[in-house]
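To keep things clear, I will list the structure first and then write my remarks on it.
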Amino acid sequence: MRVSQLLIPTLREDPGEAETVSHRLMLRAGMIRKVAAGIYTYLPLGLRVIRKIERIIREEMDRAGAQELLMPIASPAELWRETGRWDFYGKELLRFQDRHERDFCLGPTHEEVITDLIRREVRSYRQLPLNCYQIQTKFRDEIRPRFGLMRGREFIMKDAYSFDKDEEGARLSYQKMYDAYVRIFTRCGLTFRPVEADTGLIGGTSSHEFMVLAETGEETIVYAEHGTYAANVERAEVLPPKETSTEAPRPLRKLPTPGARTVEEVTAMLKTTPQRLVKTLLYTTPKEPVAVLVRGDRAVNDIKVKTLLGVTDLQLADQETVMTLTGAPIGFAGPIGLKRVRLVADHEVKALRNFVVGGNEADTHYVDANWDRDVTIERWADLRNASAGDPSPRGDGTLRVARGIEVGHVFMLGTKYSKAMRATFLDPEGKECVAVMGCYGIGVGRTAAAAIEQNYDAKGIIWPVPIAPVHIHLLALSQSAQVSDIASSLYTSLIQSGIEVLWDDRDERAGVKFNDADLIGAPYQLIIGDKGLAQGTVEFKLRKDGTVTRLAPDQVLKHAQTLPLDSSRAR
RNA sequence: CGGGGCGUAGCGCAGCCCGGUAGCGCACCGCGUUCGGGACGCGGGUGUCGGAGGUUCAAAUCCUCUCGCCCCGACCA
């Protein structure tokens, strides 16, 4: 491939729209261009990266016994109504009508479509297990698309669906996918971690997310520093405290706290600490309002609250509602004397004595409040986010916190979809059984973006070798005959031995070529200039650390053939 | 969805308050010099000033509507 003939519109300046490293660099390196919010065109170099990742995924999926098929991007509403997701999925589901005014949607995922196929075609236990996958464009009408390929509305995803005759088989299928995912992300050259996860909109019984570790990640994970436990904070369990305070209860007092609304303001004014304050957060649910109590320095975990209450929608109460329920503006809510509201509390605060709570009255807080005497809680439960320093729920040490980018997610679905859509088969006794399912996704574009978040410097991208758009970026520094001749012959011989080369044959100044090569981020650069040739050498340079090896032109091919160009499939 | 902001040349932006000739840098085209880390000189403007309506002798600029995009918020009690 010659740079002079390829569409690689590199940008000298940073585009205004881009925030994150991967978004900025993919735009600048001429790999993607935006078409609409969260919708991108993949230019030749960007597409090559996508294809490399897809190829690794295909090889590993096939090796794990899955088979590729391709489902349509548009699917009819009837299928979604069968599982109830036509209503439940909400606005993320992009809906439209055809000319006959029939309802359709763009597939955000394909459980319904695949389950429909399998229920029609699979009759017998002899046909199971089955694992089908596709690599295809998905559409989710995200509230707020951002960060380029990281959170687009239209994106390429590998999704796989397994069907087994029983739970045990399903667990085996799940484990195979888990193992395949470990191989896939390892081969992509990423630093990642599988973590226990919440099942979200997809539903099901259990799941793991594959997180690429990066500061810019949108997800927070916790993990046992020296142990094996790792989980998304959404999911991470927090153990009840071991010890209860032994302080003697003091009499309850009501104190003025003018203008102090936040935990910081209140604790500063009362000369205490957030650890001795119980904050009361009012939520509205479709059923009734709820007050959730957690320690002043903790964060409520919405998912845990939803699970406890058995509701799917949970919103922080607005100003008006708070006023109605507590009789005070936001900032002074407390459990004492709160009526018409269910009281639930995180089990951590049960251990407190003589704590601070809001007074349900403007500019007022209670101090030295105590359970039972002053407040009765309806339910105690694990309701907060895990944080650094908490003991691991598996007993294997202390938790630490990190940021991650979710590039893959595996779910044990159980029979949620197969039951709703009656995907059944006959077992050896002729009895009708419901297939047990699993589903497994990988964000292809997001994996590419995550690779950049993990591998870049001030000059540009530093692709991991297995997913780099090309192996070698060949820079012919001048238009002189000797440079062109050597470049041309090296290019040909490298290509013929299966090495991917991007040949910068443009009539540009050396500096432009160096900068573009560093920006695009091929792992190796082969630099051919008159200066070097005068001494009979060309330069072989590593993008990662700038290490230069000088070689005679006729040694280049041999040298290149020793490079680890692909972490081979045969491992 | 709520709050804030921005749409002016391919890209990054100024001009808008205070109405009157559409501008700067980069990119681009031509010629010449230069040529191993984003060169220089000379010449060239490539624009529905996001769109529609209104006010006005006159609108990028003021008003109304509309579309698109970006950022923040989903822990604040």
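Computed from heavy atoms alone, side chains included, the values below leave out hydrogens, waters and symmetry copies. So you know, we letter chains A, B, ... as the sequences are listed, proteins then strands, and number each from 1.
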Establish, with yes or no, whether the OP1 or OP2 oxygen of A39(B) is under 4.0 angstrom from a side-chain nitrogen or oxygen of R509(A). yes
With R33(A) via salt bridge (Lys or Arg N to Asp or Glu O under 4.0 Å) - residues at least two apart: none
If you check every side-chain atom of [X], which of [options] has the closest atom?
X       : options                : result
E17(A)  : A77(B), C70(B), G36(B) : C70(B)
A333(A) : A74(B), G37(B), A77(B) : A77(B)
K34(A)  : C69(B), A74(B), G38(B) : C69(B)

Do any N or O atoms from the side chain of H365(A) and from the backbone of L270(A) form a donor-acceptor pair under 3.5 angstrom? no
Taking any heavy-atom pair under 4.0 Å as a contact, classify [X]: base, sugar-phosphate, or nothing.
X       : answer
Q479(A) : nothing
S478(A) : nothing
I143(A) : base
G532(A) : base
G358(A) : nothing
E13(A)  : base
K91(A)  : nothing

Note: K304(A) and R235(A) closest approach over all heavy atoms is CE-O, 4.5 Å
Heavy-atom pair of closest approach, residues V266(A) and A260(A): CG2-O, 3.4 Å
Between G15(B) and C6(B), how far apart are the two P atoms, rounded to whole Å? 11 Å
Please list, by residue number, the residues of residues 278-301 of chain A whose heavy atoms come closer than 4.0 Å to an atom of RNA chain B; answer none if no residue qualifies. K279(A), T280(A), L281(A), L282(A), A299(A), V300(A)
Full working for side chain to side chain donor-acceptor pair (under 3.5 Å) between D530(A) and S478(A): CA-CA 7 Å; D530(A) 293 301; S478(A) 85; 2.7 Å; yes
